[in-house]
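Heavy-atom basis, side chains included; hydrogens, waters and symmetry copies ignored. Throughout, protein chains are lettered first and strands after them, A, B, ... in sequence-line order, and every chain is numbered starting at 1.
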2 protein chains.
Amino acid sequence: MFENETALQQPVASDRALIKDVHELVESYPRVPITVDCVIFGFDNNELKVLLIRSDIEMYHGKWSLLGDFAHDHEELDDAAYRVLRERTGMDDVYLEQVRTFSKPNRHPGGRVLTVAYCSLLNSEHHDLKILDNELHWHVVKTLRSEDVAFDHKEILDTCYAWLQKRMLEHPLGLNLLPEKFSLRELQNLYEAILDIKLDRRNFRKKFFSMDFLIDTGEYEDDVHHRPGKLYRFDFDKYKLNKKRWTGIEF
Amino acid sequence: MFENETALQQPVASDRALIKDVHELVESYPRVPITVDCVIFGFDNNELKVLLIRSDIEMYHGKWSLLGDFAHDHEELDDAAYRVLRERTGMDDVYLEQVRTFSKPNRHPGGRVLTVAYCSLLNSEHHDLKILDNELHWHVVKTLRSEDVAFDHKEILDTCYAWLQKRMLEHPLGLNLLPEKFSLRELQNLYEAILDIKLDRRNFRKKFFSMDFLIDTGEYEDDVHHRPGKLYRFDFDKYKLNKKRWTGIEF
DNA sequence: TCAAAAGTGTTCATTATACACCCATGA
DNA sequence: TCATGGGTGTATAATGAACACTTTTGA
């Protein structure tokens, strides 16, 4: 059906013009401003939250905006996203992953701007937030409306939320949203809230215990008005060594 | 833990300077050339193949290159990817999906160029390929070495291949690599080759039949030297209506 | 009649689901 | 002592894995 592989390993056609000056080539390309936008999720009070700042653009007066910035010259986009995170929240070394690139020509009112969305997850210890410029604070994801945010940031947020929901099923991603020590109830609340489902308490426990990544700290909750639950830590090291690989065809 | 939500819905600080001219703002951003690269997979002779062309850059003389082009002014990247596909292969209306953006500052020798990788899957009817400029042809993915390709295209290809492997388990994506009518043996060969595993024939059949998306065409293979297998079509419409949603926590 | 691959069913092990009771704590 | 949620176990159903024989065709 396909052409024979070896027969086509013919020499390069000699009459085809080769490009000698690659800098000149790149100079000839159109150029586009690039930004990164960080969708920083947190979890508190059994609700998924996202960090937003006030837009400082007049036409978006009063609206909220994702944490973003343009990419510096010769800056890798991953680095740009970490930089934004650091500059805006004072945080370093958190989970961060590229989700997708948004390129609608009219997504920015000032002209064409591409943006690459990154997702990060912060745990809910509020001492993480040291910089509060531009009214940086947490917003409940579920109740946020398109009209509340600038640009196409609602679309970006929705994409990242869907990404998070899917990702949470396959990676211990959600653990980054909890404090280091957590109860099983907190863990279940996290899953129920983000996935927007109800789970059976007993089966949820069995599931997590059978994965065998929870370390019993020997400590207990101390701020509850009922029997305190045990606190666990997640064994990220063990997880890294035992990752699942193949789950089977299912669609 | 978090600040109270309503208490923070304070008015915008009046002394903060608002940006009035968004065009001026965007003008101030650094600009970067953007390309799209299409990783076009095909399947034939029980092997996964990828479409490559000869690089026309002198320093990559003799090496192969993904099908790419810079994004035109005001062109959405998805459109650019479809355009590249059309211009290079004459094909339209095929599966195409954004995979990720590559941004290493030195990935292009001519200066900083970002590229957004798209994955497409063509079925193996060779009459699809009408344009053969730049020695466009299929290469066996498994035996392709880094030294054989230009730029960071091996890295992009590897990323897209990993993406394809994962995606195939959850979506009937691989069906786009087969002719419209196919035997179960062809389907299994596809999965075995791409996932690089061996599957039990009987369980594979049961699995696919139980999903109930295969339509018996009533036709049979006619080019085999043994008992011919039945030919099926995949019911994409039914699939779209019955997509799976939630597969459970598993990591 | 032989070789090669198509087609089919059963058993067993594992995993998921549904469900009910006792326990520890603070108020 | 009561309300609240923590902690546990079992029975059943569904799914996945392992495995062997008969059938059809072309050579």
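- Counting any heavy atom pair closer than 4.0 Å across all strands shown, A:E250 reaches sugar-phosphate atoms only and no base atom.
- Counting atom types as modelled, B:R227 pairs a side-chain N or O with a base atom of D:dT23 as donor and acceptor under 3.5 Å.
- For B:K206, the listed nucleotide lying nearest its side chain is D:dA17; candidates were C:dA16, D:dA17, C:dT25.
- Ring pair A:F208/A:F204 is tilted by interplanar angle, where 30° to 60° counts as tilted.
- Atom NZ of B:K230 and atom P of D:dT25 are 12 Å apart (whole Å).
- Rounded to an integer number of Å, the gap from B:E186 CD to C:dA5 P is 14 Å.
- We find that OH of A:Y220 is positioned 19 Å from P of D:dG5, with the value rounded to whole Å.
- For A:Y95, the ring pair (Phe, Tyr, Trp, His ring centres under 6.0 Å) criterion is met by no residue, not counting sequence neighbours.
- Along DNA chain C, the nucleotide closest to B:H225 and the one closest to A:D200 are compared, and the more 5′ of them pairs with B:H225.
- Set against C:dA20, C:dT25, C:dT8, the side chain of A:P228 has C:dT25 as its closest nucleotide.
- No donor-acceptor distance shorter than 3.5 angstrom exists from the side chain of A:E250 to the backbone of B:T247, with no hydrogens or angles considered.
- Using cut-offs of 30° and 60° on the angle between ring planes, the pair A:Y161 and A:F41 is tilted.
- Side-chain N or O atoms of B:N203 include none that pairs as donor or acceptor with a backbone N or O of B:D200 at under 3.5 Å.
- When distances run from any side-chain atom of B:R202 to the nucleotides C:dA16, D:dA20, D:dG5, the shortest one goes to D:dA20.
- Between the C1' atom of C:dT17 and the CG atom of A:N203 lies a distance of 6 Å, rounded to the nearest Å.
- Atom-to-atom, NZ of A:K207 to P of C:dT14 comes out at 15 Å; the value is rounded to the nearest Å.
- If you take CZ of A:F209 and C1' of D:dG9, they are 14 Å apart, rounded to a whole angstrom.
- Taking side-chain N and O atoms only, B:R201 has no distance below 4.0 Å to OP1 or OP2 of C:dG7.
- Summarising the geometry, the separation between CD on B:Q188 and P on C:dT8 is reported as 15 Å, rounded to the nearest angstrom.
- Evaluation of atom-type donor-acceptor distances gives no pair under 3.5 Å for the side chain of B:R205 against the base of C:dA6.
- At a cut-off of 3.5 angstrom, the base of C:dA4 holds no donor-acceptor pair with the side chain of B:R185.
- Remark: P of C:dT8 and CZ of B:F204 are 15 Å apart, rounded to the nearest angstrom.
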